[in-house]
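Notes for the one structure printed next.
Note that the numbering runs from 1 along the sequence shown for the chain. Whatever order the structure lists them in is the order used to number ligands and atoms, beginning at 1.
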Amino acid sequence: MVLTRRRFLASAGAMAATPAIADSAAATAPGFPQGFLWGASTAAYQIEGAVREDGRGPSIWDTFSHTPGAIKNGDTGDVACDHYHRWPGDFDLLRQGGFSAYRFSVSWPRVLPEGTGTVNPKGLDFYDRLVDALLAARIRPFLCLYHWDLPQALQDRGGWHNRDIAAWFADYAEVVAARLGDRVGDWAMLNEPSVVALFGHGLGGHAPNLKGRASFFLALHLQNLAQGAALARLRSAKPGLRLGTVLNLQPVRPEADTPADRQAAVIWDAMWNRSCMDPLLKGTYPEVVHADIEPILGPDDLSTIHQPIDFLGVNYYSRMVVKADAGAMFGTAWGKNAAKRYTAMGWPVEPRGLYDQLAEIRDRYGNIPVYVTENGAAYEDVVTPSGKIYDKERVDFLRDHLAMVRTAIAEGCNVKGYLVWSLLDNFEWAFGYSKRFGIVYVDYPTQRRIPKQSYYWLGQVARTGRLA
Ligand code: FCB
């Protein structure tokens, strides 16, 4: 049955309502549109390694991962997938798999070891080689300027708590675009500012491991500001680029259908989703965060943040359930989730939430072009004695989510492509190497790559445009 937006809205308040689209929709409907992009995403610190090579400066994730007790098993990104040296083979995998797009991030401290000032030519050379190789393989590069590895030198000057970061980031964006803007068309400014704000600056657990409510809002707002400054800078310095940003979006539900929990959901939705989307796309912050934002809002901030964008990158992993908790930092706490399936991260498997999110962008944010820039799952992958990996759960996860993307497109959502997280198993932040999200397995001691069943499956979907 096809779910209409109206029907969803009618059922949204009722927690026990049976979704009109089941979370494991059968893959029987027509295929994806011609020209739909299929790809994979990665991030610099999670795969590159080579942290002290060719003039790269330290990032906050180097500092944090070398802090005893910060990362599971004491893992660091020092070597990661050694992609810095092994990228030709990794790109062969992309090409052979049948993928037409690849999203990667540029490491700010590789390009500007001190964060500002002197450019490290060898850092730019590296990304130059990557881009040429992608284009030669007919793979469209999506470049993300910031996927969490802030130069440590900038953290020492206040990082995302110093308003100067808007200018630092715009300058850095311009340096990268001056070198790569002739060949890279798609530019994402940030990856998931809400995650950087919450775990890097609010609750802690990610670099730079700061905590507090005011700290959260300042980091969030200054990321928005820096994003706006960089969008404006690139728009004027390099007209013709397609500019956007990448947000982690999660529909939020209350645990119980009570006024307190419903209000908790409104607050969390405002902090997590709307405080990123609204200032960028509408030029306002949601009302429930005004008291936190007003004291830090400069007179021109909202007009700087409110920029036209050519695409929105949506990272989707699951919905969120919250409940009221007067003692907690934001007056909310995670609620219980009644999902039937969970990934190895303990995240609920909720494909329907992706449909809801895409429909919401269509209905409330002007149906701007969207790429699903991350979606995927960690599972306990097992290498069989014959060296194969049958990751059926991941295939099911991808199929169920793609079925939702296809339905959303059929209902008018402007979705242009899907990039799985991730091409390779990699350094999963605080979880180190213990969680595997790749469609390609990495045997870390030998750095051998083993494509999983999901790689072959998704490649077939990419080639045929149909869910097998
Ligand atoms: C996202 C991050 C990405 C990866 C996935 C699992 O929040 O953008 O780097 O860690 O989660």
Quiz prompt | Heavy-atom side-chain proximity of Val266 to Val288 below 4.5 angstrom | solution = yes

Exercise. Apply the ring pair (Phe, Tyr, Trp, His ring centres under 6.0 Å) test between Trp108 and each candidate in Phe169, Trp168, Tyr127; give the one that qualifies.
Key: Phe169

Self-check item: Which of the ligand 1 atoms, numbered from 1, are nearer than 4.0 Å to a heavy atom of His147
Solution: 2 (C), 3 (C), 8 (O), 9 (O)

Quiz item: Does even one non-hydrogen atom of Val195 get within less than 4.0 Å of ligand 1?
Solution: no

Quiz prompt | Pi-cation contact, Tyr390 with Lys452 (under 6.0 Å, within 45°) | solution = no

Quiz item: Do Arg436's NZ or CZ and the ring of Tyr441 fall within the cation-pi criteria of under 6.0 Å and 45°?
Solution: yes

Quiz item: With a 4.5 Å limit on heavy-atom distance, are the side chains of Ile267 and Met271 in contact?
Solution: yes

Practice problem: Give the single entry among Lys435, Glu428, Met345, Glu192 that approaches atom 4 (C) of ligand 1 most closely by any heavy atom. | Solution: Glu428

Practice problem: Please report which non-hydrogen protein atom sits nearest to atom 5 (C) of ligand 1, along with the residue it belongs to and the distance in Å to one decimal place. | Solution: Tyr317 OH, 3.3 Å

Exercise. Tell me, yes or no, whether the heavy-atom count around Gln460 atom CD, taken from other residues, nucleotides or ligands under 6.0 Å, exceeds 12.
Key: no

Quiz item: Any nitrogen or oxygen of Gln46, main chain or side chain, under 3.5 Å from a nitrogen or oxygen of ligand 1?
Solution: yes

Quiz item: Quick one: which ligand 1 atoms are inside 4.0 Å of a heavy atom on Asn191?
Solution: 8 (O)

Quiz item: Trp429 heavy atoms, cut-off 4.0 Å: which ligand 1 atoms fall inside?
Solution: 3 (C), 4 (C), 9 (O), 10 (O)

Self-check item: Lys122 bridged to Asp125 by N-O distance under 4.0 Å
Solution: no

Self-check item: Sub-4.0 Å atoms of ligand 1 with respect to non-hydrogen atoms of Phe437
Solution: 6 (C)

Quiz prompt | Closest protein heavy atom (residue, atom, distance) for atom 2 (C) of ligand 1 | solution = Glu374 OE1, 3.4 Å

Quiz item: Going by distance only, is there an N or O of Trp148 that falls short of 3.5 Å from an N or O of ligand 1?
Solution: no

